[in-house]
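All heavy atoms count here, side chains included; hydrogens, waters and symmetry mates do not.
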Amino acid sequence: MKNFFESGKYYAGCNYWASNHGINMWNKWDEDVVKSDFEKLSSLGIKVVRIFPLWSDFQPVNTVCTVRGNVTGFSVDNGESMLTSFDDGINDVMVKRFRKLLDIAHSKGISAIPSLLTGWMSGRLFVPPALEGKNLITDPFCMKWEVIFIKSMVNRLKDHPAIVGWCIGNECNCMGAVEDKYQAWLWTNQMSDAIKSQDNTRPVLQGMHSLLNPDEGNWIIQDGGLSCDILTTHPYASPSYDTDKEVINTIRPLLHPVSQTIYYRGLGQKPALIEETGTFGEMYCNEELTAKYAKAELFGGWAHNLLNYIWWIGFDQGSLTYYPFLTNNRASNYGLFREDGSVKPVGCAMKDFNEWLDSFPYDKLPERIVDAVCISPREKGNYTHASSMAFLLGKQAGLDMEFVYSPDSLPDAKAYIIPSLNGALGMDVHYLKRLMKKVEDGAVLYLSCGDGFLRNMSTDFGFEIISRHHTATTDQVKIGDTTLDIFGKAIYDIKKTTAKSLATNQNGEDVYLEADYGKGKVMLFMYPVEEYLSNVFNKFELGYHKIYEAIKNNINSDKVAVCNDFMSGLTEHIVNDNERILIITSYSGKDKEVSVTIPAEWKIKDSLRGNVTQTDTELKFSIESADTVVVSIEK
């Protein structure tokens, strides 16, 4: 655990099912194929795989029934023998095969994360026959067998050196419905405790699908942080987050995996990694764009100090016709390798990244400089989506941010961002008082309004509210020389007192205000721009980031570098007082020339990736679509 997850190093890998039989690999075991697969994975420099003991194969427990269906006991051989009260029902042959896979991975220098309770995979349940038809999350009968399975598997495998962490399972929140968040927490905590009872030397990864904040659903990020050691995201270019509506190598799809994982990390207050991601195969983009997407994501996770990046999946499985692939029309060719064993462009991108990272001349990448904290409000509102848009606009404006949930924490920051506030209870009064004290002491507070309420807004923000009414129109907002279409929710008729106007709408009304508050500043944008952008597409080259540039202009960033292309993102990392690392990724979908401005006393030390030249205070380079340039500077 310490060497792998706590070393500060970043590792890239993939999820693994055998290339020939996929999910049937355990009951159609072919050791030679597994060896060949791991030889191929090793050739790409892969350091970690996530592997799946299919639950129905590993614990094939049946009920044995008597008159009127009364259960008299349990068996794994159709009643030829009966399990005792202390039997786990686990198939020893399957465990031996699993250990053999671990041996093979270890021999290739590849670490493994078993995803223990694999009862859900690619749209189908795979559960022991005794549990079929039951609610696998809330039924105590199911929970008993799940705990037995997890404890026994961990106890049987915990001595193996290839294992670096335990994942509870694969998207287990898809296995059954819950009535409330307490049932979801109880199940997650019970399974996590089952792992820790047998092995407290390795971290527990959650492995869930699409967690939310407490006011948006039942499977919530904070409870994941309470129960597990590492939070995980499965951030595909997906309709779940409206990230499938634009070309895959452009800004929203490329930034989504990073922003979602940072969001989990912030709200869950635990480290996080990208555990499963991809492009859903050839229906989304061709092999070349898939490689560009993966390359940007590999560098993006690294640049933002995430733990791991794990691609879905190692090998194409498009010719498999049995369920779940029988009905999977998204296709199944997500692999790094084709079914004939040839490496795909995405596999080459994985190899190039791993080889480059192995040559990186520093032990680890220092933490990136963070300028702002984005506060996810409570009560109503789709803040998971709005916060993602805040991250994107911040990136375009040169603001790097972390996330928090408003009742939970309020770290020090130069700027605080509350995106698209809705409802009357979005911000508790005691939390708001702490926040305004931060502003009074010198921070900047930006708030964009949906239909939300904030105590003392009419006085603290430098204006008097005369009246307010709801609207359902799209207005035109002029900020500088740029006009933006934005859908409104609540419109204010105001009279300025100490505030100044940064933008007006088509009626000449002030809609973006800035005012002094103690040593700091408050900024109010009267439209839920983040919520708006989460529901529209192809808008990110039109200048909406200028709303966030106004925030950046009010802070004294610790960064020394400024990227002069708002469709490229920059992170800056302090090596020591005299040296920094700059990482620039292109999000425009185009090959282009980009420049970065640095102070006169700073010079290039080394072009670590890309050909960077310096003229006076400008660093200049060519960058391909979705590619990354890395340069160290010194003074």
> Stepwise, does the side-chain hydrogen bond (donor to acceptor under 3.5 Å, both in side chains) test hold for Asn155 with Ser152?
Replying inline: CA-CA 5 Å; Asn155 190 50; Ser152 185; over 6 Å; no
>> Between Tyr334 and Trp311, is the ring-ring contact (aromatic ring centres under 6.0 Å, His included) condition met? List the steps.
In response: CA-CA 9 Å; Tyr334 315 149; Trp311 180 260; 8.7 Å; no
> For Glu531 and His385, what are the C-alpha separation, side-chain angles and deciding distance, and is it a side-chain hydrogen bond (donor to acceptor under 3.5 Å, both in side chains)?
Replying inline: CA-CA 7 Å; Glu531 182 180 333; His385 288 212; over 6 Å; no
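Ser376 and Tyr263 form a side-chain donor-acceptor contact under 3.5 Å, judged by distance and modelled atom types alone. Judged by distance alone, the side chains of Glu216 and Thr384 do bring a donor and an acceptor atom under 3.5 Å apart.
A side chain to side chain contact (heavy atoms under 4.5 Å, CB included) with Arg265 is found for one member of Lys270, Gln260, Glu402 and no other, namely Glu402. For the side chain to side chain contact (heavy atoms under 4.5 Å, CB included) test with Asn170, the passing option among Glu276, His209, Met175 is Glu276; the others fail.
You'll find the side chain of Phe58 stays beyond 4.5 Å of the side chain of Thr118, heavy atoms only. Counting heavy atoms from C-beta outward, Arg156 and Ile90 have side chains that approach closer than 4.5 Å. Put simply, the side chain of Leu101 reaches to within 4.5 Å of the side chain of Tyr16, judged on heavy atoms.
Ring geometry for Phe52 versus Trp17: interplanar angle under 30°, hence parallel rather than tilted (30 to 60°). Between Tyr236 and Phe280, the ring planes are parallel. Angles under 30° get that label, and only those over 60° would be called perpendicular. Classified by interplanar angle (parallel below 30°, tilted 30° to 60°, perpendicular above 60°), the ring pair Phe149/Trp55 is tilted. Using a 30° and 60° split on the angle between ring planes, Phe360 and Trp356 fall in the tilted class, from 30° to 60°.
Less than 6.0 angstrom separates the ring centroid of Phe299 from the ring centroid of Phe353.
By the 4.0 Å N-to-carboxylate-O rule, Lys35 lies close enough to Glu31 to be salt-bridged with it. Between Asp57 and Arg97 there is no salt bridge, since no side-chain nitrogen of the basic residue lies less than 4.0 Å from a carboxylate oxygen of the acidic one. We find that Asp229 and Lys196 are joined by a salt bridge, their nearest charged nitrogen and carboxylate oxygen being less than 4.0 Å apart.
Note that SG of Cys167 is 13.5 Å distant from CE of Met191, once rounded to the nearest 0.5 Å.
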